[in-house]
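Report on the following structure.
Side-chain atoms are counted along with the backbone in the values below, which use heavy atoms only and exclude waters and symmetry mates.
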Amino acid sequence: MNIKSRYFKSKIAVMVAALACPLLFGGCSVKYSLSGASIAPEIQTVSIARFPNNALLVAPILSSTLTDALQDRFTRQTRLAVVPENGDLRFEGEITNYTSTPAAVSGEEMAVMNRLTITVRVRFTNAFQPEFNYDKTFSAFSDYSSSRLLQEAEPTLIPEIVDQLVENIFNDAVSNW
């Protein structure tokens, strides 16, 4: 067999392989997302009810901050349309706890750091994949210096803690891996 014949046969083998791969794997698809979301194609909408603040200690901005942040996360990181109610994905729940406790104590048994903890109960419903439904409690916290009053620290702490909560709620709902 001469060199031209071998070269021609290897070219044909490469072209056959190049044509066969799409045919073999054409039925397979993998959906990747930068957000880590894995949302079934039939799911088109999400509804996020207002999360009322039922904690004993109430921060006036917390309910709207949490609800808006969760809606914003779905708007920015998914293809889903946010609808007022009866979405294919549904979130509802309430803020159940909002507490500030000592986090670190000095040698004189004085608090040097305090911890703000926010707890939220979330009921998630997936209309197309009910096996992913959940009713869970999420909790997140942030520490602040005890030299500051809680009211002074809240404007920075609440958005930070809400970001942690939204991350966990979002991941538990749509990152099924």
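Connection of Val166 to Tyr134 is established within a shared hydrophobic cluster, with ILVMFWY side chains joined at heavy-atom distances below 4.5 Å, either directly or through further cluster members. Residues Val174 and Phe128 share a hydrophobic cluster, clusters being chains of Ile/Leu/Val/Met/Phe/Trp/Tyr side chains in contact below 4.5 Å. There is a path of hydrophobic side-chain contacts, each under 4.5 Å, that joins Ile61 to Tyr144. Residues Leu150 and Leu66 share a single hydrophobic cluster, defined by chaining ILVMFWY side chains whose heavy atoms lie under 4.5 Å apart. Linking ILVMFWY side-chain heavy atoms closer than 4.5 Å, directly or via other members, places Leu116 and Met113 in two distinct hydrophobic clusters.
Contact annotation: the side chain of Lys136 never approaches that of Val122 to less than 4.5 Å [non-hydrogen atoms, C-beta and beyond].
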Exercise for review: Evaluate side chain to side chain contact (heavy atoms under 4.5 Å, CB included) for Thr156 paired with Arg148, printing each intermediate quantity in order.
Suggested key: CA-CA 12 Å; Thr156 7; Arg148 298 174 67 198; 4.0 Å; yes
**Study point:** Audit row: Thr78, Val46, side chain to side chain contact (heavy atoms under 4.5 Å, CB included) steps and yes/no
**Key:** CA-CA 10 Å; Thr78 70; Val46 60; 5.7 Å; no
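Under the 3.5 Å distance criterion, the side-chain polar atoms of Ser63 are matched with a main-chain donor or acceptor of Phe51. A donor-acceptor pair under 3.5 Å is absent between the side-chain atoms of Asn54 and the main chain of Ile95, judged by distance alone. In terms of modelled atom types and a separation under 3.5 Å, the side chain of Thr45 and the main chain of Gly87 share no donor-acceptor contact. In this structure, Gln44 contributes its side chain and Leu80 its backbone to no donor-acceptor pair below 3.5 Å. Distance alone, capped at 3.5 Å, places no donor-acceptor pair between the Ser139 side chain and the Thr119 backbone. In this structure, Asp72 contributes its side chain and Asp68 its backbone to no donor-acceptor pair below 3.5 Å. Side chain of Thr137 to backbone of Arg121: no donor-acceptor contact under 3.5 angstrom is found. No donor-acceptor pair closer than 3.5 Å links the side chain of Thr67 to the backbone N or O of Ser64. Here the side chain of Asn97 pairs no donor or acceptor atom with the backbone of Ala55 at under 3.5 angstrom.
Tested against Tyr98, the residues Leu56, Val120, Leu57 include a single side-chain contact (heavy atoms from CB on, under 4.5 Å) partner, Leu57.
You'll find the ring centres of Phe74 and Phe91 inside the 6.0 Å limit.
Atoms OG1 and CG, from Thr65 and Asp163 in turn, are 10.5 Å apart once rounded to the nearest 0.5 Å. The structure places OG of Ser175 at 10.5 Å from CG of Asn168, a figure rounded to the nearest 0.5 Å. To the nearest 0.5 Å, the span separating CZ on Phe124 from CD on Glu92 amounts to 12.0 Å. Here CD of Gln164 is found 6.5 Å from OG of Ser142. Values are rounded to the nearest 0.5 Å. Rounded to the nearest 0.5 angstrom, Glu160 CD and Leu165 CG are separated by 11.0 Å.
One finds no salt bridge joining Glu85 and Arg90 here, because no Lys/Arg side-chain nitrogen approaches an Asp/Glu carboxylate oxygen to under 4.0 Å. Look at Arg123 and Glu94 and you find a salt bridge, because one of the NZ, NE, NH1 or NH2 atoms lies within 4.0 Å of a carboxylate O, short of that distance.
Looking at Ser147 and Ser145, their side chains do bring a donor and an acceptor atom within 3.5 Å of each other.
The two residues Asn171 and Arg73 make their nearest non-hydrogen contact at OD1-NH2, 4.4 Å. Between Asn133 and Asn126, the shortest heavy-atom distance links the atoms OD1-N, 2.6 Å. When every heavy atom of Glu154 is checked against every heavy atom of Gln151, the shortest pair comes out as OE1-CA, 3.6 Å. The two residues Phe141 and Thr117 have their closest heavy-atom pair at CB-OG1, 3.6 Å. In this structure, Asp143 and Leu157 approach most closely via the heavy-atom pair O-CD2, 4.0 Å. Of all the heavy atoms in Ile43 and Arg79, the pair that sits closest is O-NH1, 2.5 Å.
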